[in-house]
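Written out below as structure tokens is the structure these notes cover.
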Amino acid sequence: MRYLPLTADDRAAMLGRIGAPSVDDLFRDVPAAARLSGPVEGLPLHMSEMEVERALSAMARKNLTATHVPFFLGCGAYKHHVPASVDHLIQRGEFLTSYTPYQPEIAQGTLQYLFEFQTQVARLTGMDVANASMYDGSTACVEAIFMARRVTRRAKALLSAGLHPHYVSVAKTLTHFTDDEVVASVPVLNEGAPGDDIAALIAAIDDETSCVVVQNPNLFGHVADLSELAARCHEKGALLIAVVTEAVAFGAVRSPGAMGADIVVGEGQSIGGGLSFGGPYLGLFACNHKHVRQMPGRLCGETVDAEGRRGFVLTLSTREQHIRREKATSNICTNSGLISLAFTIHMSLLGEKGLRDLAALNHARAVQVAERLAAIPGVDLLNGPFFNEFTLRLSVEARPAIRRMADAGVLGGVALGRLYPGEASLANGVVVAVTETQTDEDIDRLVAAYEEAVSC
Amino acid sequence: MRYLPLTADDRAAMLGRIGAPSVDDLFRDVPAAARLSGPVEGLPLHMSEMEVERALSAMARKNLTATHVPFFLGCGAYKHHVPASVDHLIQRGEFLTSYTPYQPEIAQGTLQYLFEFQTQVARLTGMDVANASMYDGSTACVEAIFMARRVTRRAKALLSAGLHPHYVSVAKTLTHFTDDEVVASVPVLNEGAPGDDIAALIAAIDDETSCVVVQNPNLFGHVADLSELAARCHEKGALLIAVVTEAVAFGAVRSPGAMGADIVVGEGQSIGGGLSFGGPYLGLFACNHKHVRQMPGRLCGETVDAEGRRGFVLTLSTREQHIRREKATSNICTNSGLISLAFTIHMSLLGEKGLRDLAALNHARAVQVAERLAAIPGVDLLNGPFFNEFTLRLSVEARPAIRRMADAGVLGGVALGRLYPGEASLANGVVVAVTETQTDEDIDRLVAAYEEAVSC
Amino acid sequence: LEEPLIFEIGDSERTGVDLLAPPKVASRLGGLEREPIGLPGLSEPEAVRHYTRLSRQNFAIDMGLFPLGSCTMKHNPRLNEKMARLPGFSDIHPLQPVDSVQGALELIDSLAHWLKTLTGMPEVAMSPKAGAHGELCGMLAIRAAHEARGEARKVVLVPESAHGTNPATAAFCGYEVENIPATPAGRVDLAALKARLGADVAAVMITNPNTCGLFEPDMIAISEATHAAGAYVYCDGANFNAIVGRVRPGDLGVDAMHINLHKTFSTPHGGGGPGAGPVVFSAALAPFAPLPFVRHTGTHFELVEEEQAHGRGDAHARSFGRMVAFHGQMGMFVRALSYIMSHGADGLRQVAEDAVLNANYVLRSLDDVMTAPFGTSGPCMHEALFDDHFLEGTGVTTIDIAKALIDEGYHPMTMYFPLVVHGAMLIEPTETESKATLDQFIATLRHLVARAKAGEVEHFKAAPHLAPRRRLDETLAARKPVLSWVPESIAAE
Amino acid sequence: LEEPLIFEIGDSERTGVDLLAPPKVASRLGGLEREPIGLPGLSEPEAVRHYTRLSRQNFAIDMGLFPLGSCTMKHNPRLNEKMARLPGFSDIHPLQPVDSVQGALELIDSLAHWLKTLTGMPEVAMSPKAGAHGELCGMLAIRAAHEARGEARKVVLVPESAHGTNPATAAFCGYEVENIPATPAGRVDLAALKARLGADVAAVMITNPNTCGLFEPDMIAISEATHAAGAYVYCDGANFNAIVGRVRPGDLGVDAMHINLHKTFSTPHGGGGPGAGPVVFSAALAPFAPLPFVRHTGTHFELVEEEQAHGRGDAHARSFGRMVAFHGQMGMFVRALSYIMSHGADGLRQVAEDAVLNANYVLRSLDDVMTAPFGTSGPCMHEALFDDHFLEGTGVTTIDIAKALIDEGYHPMTMYFPLVVHGAMLIEPTETESKATLDQFIATLRHLVARAKAGEVEHFKAAPHLAPRRRLDETLAARKPVLSWVPESIAAE
């Protein structure tokens, strides 16, 4: 019981002061039928640190890990190299074991990095302001849809077919209960612009439309100019919500803000975060000044203390549930604090130069890999423009091919069949992501794996 | 150049203030013949963090690591489980990147744990005082020999044959240059008491003897009562120096102090430290009050500050080289600060109960393993009393047998042939250490490995 | 020393990261190159120092007692951090083929097994990302269950003392929220509840132990009445720490309860997240739980996602859908399982006992000088509630006491919550505090009370004196929001 | 808040470690059971909090500028810590069969190659545990070389400005130490040195760049004269940071030099260790270097220990022996190699340049208000030396300035060293400080100088005001040594 400081003597002395005959007596309000007389049955007893370590390490060893094999998966989660100092700093007890900064006098450490984070995200997205983070990209996305309803007082959201299908699922789940209407369609692997449906979206915007949600680069890696779409949205009184799932793209691709987006949401895991089997991740959320009071989530703002020194506080909290109860903008009461800290530190280390260089390196290596794969007979590269991710059409069904590669120790991409299980038109498609982390040898093994996959 | 904050603009501005035309000009005092015009030849240029990580990980992967295979090596370095909190705490920047606490006002963190460490070590060894640590056990041992000369003004040290042969080597190396006399002999594998020569040592003490150095448990695992030896030393005016290389033994075996030792030195790596291929380790050094001014190394002492609050400082530093220069008690100017911190934290977590339980667990498992191995035909257990380490005599030469086991993924012990390469009488001997870290499966594999070794 | 912002010390040309030079290729960005960003960079030495210094302006569990009622700030074992960083957990992608992540699925399944067994409930949804997200999950399942029966119930009953998230969640799910009053003993008024239950009520949202730190002795009766009315019982699991290992919510008739892994099971709060909020379900609600699910088939772990669930008449065919992009907070799952295995069934029971013992010790060591509104109704559970009657006439308020605690080296207790008590102070010591720490805390509070009663009101009003900042102007922050850095600091105005 | 000692909060029955129950066996301790120890134990929460709080009473590089001349306190990259913890390095035993540790030997050999190449010297002994241990190693090799020639030279010449360890080491090796005076320009007086050299001189111990922060322009001449007299040149490598990558000591005629991996190559100081002090040797001394050695034989790394060295006429047959139990500070080797590979030959050169640039910037930004004794003799190297003439008549002394710096958020500079200068202040910024940090430091020092000259002597005498402790009574500590805890604190007397 290494985490419990009370000794038997302590417990006896404390019961004495309380005036209770036993600890059991303190639980006397529990209905007798629900009182357990001993440890819950069917569960093991306490273990030493070494035993826990052995048991969990044994589970961990059963997984094929990205650092140990050629690894080319993306589709909303990316492997990048994170400097060792990031993990060192976020493990400082003062960050790790601190609470939500509701007591600003003793939480300036957290509040100041949140202010730095908000500013970084605002600049990256090309927007005025960002919040202190959301759970992940998918929940940020649906919160943006709800925000658009609050702003426009309309309830119809058009979702691009290039939006991550899990994000579509999450939006559908929640809007089902809020009576919003969500319009989404199955993507088409257009040659040169897979998943692109911007022209169709432009055509579909009507006076009921609260927002158009478009991912850029989209799930298939396609990079589009959103300016015309933005203009059309604004003409019709709708908001353009841009989604970015690969934050490194901010270092190479024109920002959503510069293309006219009204809300930018995204997944920030690429910077500072790990793959971690899908969580915890980092929802990014940015908009312009005029909509800030409709924004969900926590916000950190600058102010002064009683001696006039600059300081930071959580602010505009009248939007939040712990104050507003049933009138809150959303029910969210946690952000991704420590993950946003990792993002902030990694982004501070990169700086503008580092982020641009990193993005350039990702893009250049992705172009190299795409060209090598495209040269394989039976493999077609579908993308025109892309950043660090692109879609291939194989001469064979992709999902079993990807599984076989994994069995052979190569994680070769995400088969579209995994994400769109019912869609025969997408079954031969696979999305390949390339970052700075693959070695030349990894790439050789990837190419060989694809050669084998399409030859059988 | 991620660790260098100066930009090209900074450098130009700074040269401007200095009034130097170039950085080269600042090196003008270097003789022209020794000035290099560019990077040193024959060496690679700077690498990214990821590249360094890859290169070093590749080297690390070429080693057989103790956590991944059945592991039973000891002889001065032991594998124990160290709680995760220990490594977490010693990595706090305030500990990791701090300096020797010469400015006590801003080094109370370091000084207070040194004071705690000194007290822990004094109590463990059964002595009055301990210093703030030495480089390792072997250097602590030779420093104790020098201290005995200062105390007794005699120069002949008797070294037990059960003392670690590397410690003997180190003592011989240094005393060669200081003109001390060191008497040491080759150990004999006595049945029941391998390496024990206490009776011979008692007989050999004479009026020239400054000290007797005896390791307990000795290299072969034998545990002896030193009381009679201590009495004889004191009768003859010599000091008894006890050496302990397995600090966990302090939790089970009567302390050297209780048996009459005058100086206790040891290797503290077992508590808080890792194997780390032999370093950095932790030299322990303790003695009684009357000899404290002859003690080498740093000492932390209690005092008060200008407001009367308790505080700690380095003290009695007139013994040290940075004050005394050529009159110092030794030339040591570093201790093993961070390793002593790890020791202190781990020992604080253990406490008396934890240390006793840990020692009892080590002992009991060692007894179990010894009995299983002794049951193998061709394997003789030589020890009577032992703690967690014992000596076997095999029917075959041990060193090649141990090498073959390693090739098969079992690290089965330390062959005496490795430590005493010239000694045919020891060639079949092997020392096996058992701690809390081996699983039952590890033990089964060890037994099988020995069965195979002696059967061929 | 004041710590500047990165925007004040960084430089867009400076970087703390070295990278390989990119190969030369023709850009395929389609002409959509990035415009200037305006991001400062720091070298590694500068970044380490900046964030180290910033961290030192925080208070944290590692520094002292954090007696924050209803938020369970307990020790965060370092083993858990180490385990979460095993590459086999931290470095796997959510969309890898399931054969390549069997250990990860095993971990999720193991934790799910513990949560179901500890709560005595047959199903658990692992994916919710935090407590409030878990509440949402539970309420969506309840709504889906009513929809499946073709019922459109409109009302959710919530006791006065509920967490703020409860009504927010119910409202978000499209329900009207009605309050249920409390008895003078601080419990749900069972009679009032029964009187209100009817065909329009979808659910009762209850917190048990409640926000006054008391166990609801009528809990089984509440559940029975709710079920009899065709409604479901949602239990806020924030206070599970008080009863874990001693009481199974399933035995109390609960239909859905979220579990804050960062409260009961000690995953770190991290300054406001990430959390994790798995939700356990009764048999009645289990079919509606969200996707994805891990399913163990003898020797293999499967991941049930959209295709399997809707494709083949699965147990999850009536799932209300997906709440998050992937499988939930894996990193938190590892930490929580590490914590749970370390304690075992016996240790978790001890957790509840020591948490309740510590809280009662604080209650009984202070109730002579502070006023405990429910002090006569028997033992509290894991938190001790005081009100501000004892401060009457002193001019000192609850918040002043809280801020004065900062100067003494403690985090303030929870203030002004629950709302049912005037000037509430809710103290939750948790089981990871020693008697010595509690004795010191008690002595400090007694001393502060004495000072308040001695008329030292100015000292309290100006507190904290010794923190990195004095009280901050929150009104200014809200009136003139400055939410991102601009070169001219408002402090300089 | 005051932090008690573990002996004041712990309990011998409490523990922060859980262990398996031991199997039941009959004791084989031979009746020598342990007597009572008197060790307090802490639960993990208590231990984490205690040591976290203690740490916060330290100053460290991570918190601010550490301008400590001759000690090179530079940034410690976190990558190095991560690399040292790779199980393949941290979890291998020094006596494993060499085939099972080929990667470890490769690492040692790689670092050895870098050190030899950067210094231009043919051999390196890796095992010395710290700088002073390295000095000992170098001097023992020198003595062994003289012994091998049958010479019993008795004298070592040491310049006045030497590190305190230099004479201590020479004396320890049985030598008489004689000082060599400095010139008014702060360099070794070459004529005086030449005059003293003779058949009784075993070695010259020199520091270059010297402790005044100046390069010895006559270094080659010093070496040549020393060698001509049959003696060896030992160079203290503490200041190698100033010239690494720009000057190879081998090109200056040095015979032995220790390298403080924790100075030049950034392994952390850790509050006083562990360090590492490999020693490079000239061809003349190489045969006498200590054991063990790593030797690369094409495809395999061998470890040369006693048996091989003495068994078969090896290059190491004349080794003076073993200095430590095992192979040296492996953990530090990993960190140093990680640092070195990160910088590369180009980056290390930049290190020296920026270190020297930063020091000259400080020198020239302060020499108008402080007095720089050698300010007119040209550029300094990596540290800027001031004396206390500028404080004359103020009543403020060097130590007062140093303690006042603490209140401003800096570690004091090195004080009263080197001894050749009155009231010396030796400032080494290192290359990992930014211009902004230096500008702030310079402004602070200028402000302090102004205050000193304005007569604020009381402020200085009482400094530090804002540190965890005011000035401590070192005399009391030495007069009544309390070196381990006793229940009655002397502070309570």
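Values below: every heavy atom of this structure, side chains too, minus hydrogens, waters and symmetry copies. Lettering of chains follows the sequences in order, A, B, ..., and the numbering in each one begins at 1. Since the structure is predicted, the reported quantities are computational estimates derived from the model, not experimental observations.
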Which of the residues [options] is involved in the greatest number of heavy-atom pairs with chain B at under 4.5 angstrom?
options: D:His343, D:Arg248, D:Arg364; result: D:His343
options: D:Leu107, D:Leu348, D:Leu140; result: D:Leu140
options: D:Cys71, D:Gly10, D:Ala276; result: D:Cys71
options: D:Val351, D:Leu42, D:Val48, D:Leu79; result: D:Leu79
options: D:Met73, D:His75, D:Met63, D:Met219; result: D:Met73
options: D:Met323, D:Arg56, D:Arg14, D:Arg143; result: D:Arg143

Within the 3.5 Å criterion, strictly below it, is a donor on [X] or [Y] matched to an acceptor on the partner's side chain?
X: D:Gln102; Y: B:Lys62; value: no
X: B:Tyr3; Y: D:Gln350; value: no
X: B:Ser57; Y: B:Glu53; value: no
X: B:Tyr99; Y: B:Thr110; value: no
X: D:Arg85; Y: D:Ser90; value: no
X: B:Gln103; Y: D:His411; value: no
X: B:Thr315; Y: D:Glu474; value: no
X: B:His166; Y: B:Ser169; value: no
X: D:Glu135; Y: D:Thr169; value: yes
X: D:His50; Y: B:Glu116; value: yes

Which region of [X], side chain (C-beta onward) or backbone (N, CA, C, O), has a non-hydrogen atom less than 4.5 Å from a non-hydrogen atom of chain B, or is it both or neither?
X: D:Asn76; value: side chain
X: D:Ala26; value: backbone
X: D:Pro23; value: both
X: D:Arg349; value: side chain
X: D:Ser365; value: both
X: D:Lys24; value: neither
X: D:Arg246; value: both
X: D:Met83; value: side chain
X: D:Ala170; value: neither
X: D:Glu81; value: side chain
X: D:Pro468; value: both
X: D:Ile406; value: side chain
X: D:Asn358; value: both
X: D:Val17; value: both

Parallel, tilted or perpendicular: ring planes of D:Trp485 versus D:Phe7, cut at 30 and 60 degrees:
parallel

Check the angle between the aromatic planes of B:Tyr135 and D:His133 and answer parallel, tilted or perpendicular using the 30° and 60° thresholds.
tilted

Proximity breakdown for [X] and chain D, heavy-atom pairs closer than 4.5 Å:
X: B:Lys172; value: neither
X: B:Phe71; value: side chain
X: B:Val129; value: side chain
X: B:Phe277; value: both
X: B:Leu15; value: both
X: B:Val414; value: side chain
X: B:Ile402; value: both
X: B:Asp136; value: side chain
X: B:Cys75; value: both
X: B:Arg11; value: both
X: B:Arg61; value: neither
X: B:Val30; value: both
X: B:Met14; value: both
X: B:Asp179; value: side chain

Only pairs of heavy atoms separated by less than 4.5 Å count here; which of [options] has the most with chain D?
options: B:Arg35, B:His68, B:Gln91; answer: B:Gln91
options: B:Gly93, B:Pro280, B:Ser138; answer: B:Pro280
options: B:Leu338, B:Asp305, B:Leu4; answer: B:Asp305
options: B:Arg356, B:Arg254, B:Glu307, B:Lys353; answer: B:Arg254
options: B:Met347, B:Gln112, B:Arg28; answer: B:Gln112
options: B:Phe387, B:Tyr167, B:Phe250; answer: B:Phe250

Could you check whether any side-chain heavy atom of D:Pro22 comes within less than 4.5 Å of a side-chain heavy atom of B:Arg365, counting everything from C-beta outward?
no

Please report whether the ring centroid of B:Phe177 lies less than 6.0 Å from that of D:Phe172.
no

Kindly say whether the aromatic ring centers of B:Phe27 and D:Phe215 come within a distance under 6.0 Å.
no

Any donor-acceptor pair under 3.5 Å from B:Asn63 side chain to D:Gly88 backbone
yes

Main-chain N/O of B:Leu349 paired with D:Thr15 side-chain donor or acceptor, under 3.5 Å:
yes

B:Lys79 and D:Asp91: CA distance, side-chain angles, deciding distance, salt bridge (charged side-chain N to carboxylate O under 4.0 Å, His left out) verdict:
CA-CA 8 Å; B:Lys79 175 161 183 62; D:Asp91 202 21; 3.1 Å; yes

Worked check of side-chain contact (heavy atoms from CB on, under 4.5 Å) between B:Arg298 and B:Thr100
CA-CA 10 Å; B:Arg298 288 189 190 133; B:Thr100 310; 3.3 Å; yes

Salt bridge present between D:Arg470 and B:Glu105 (N-O < 4.0 angstrom)
no

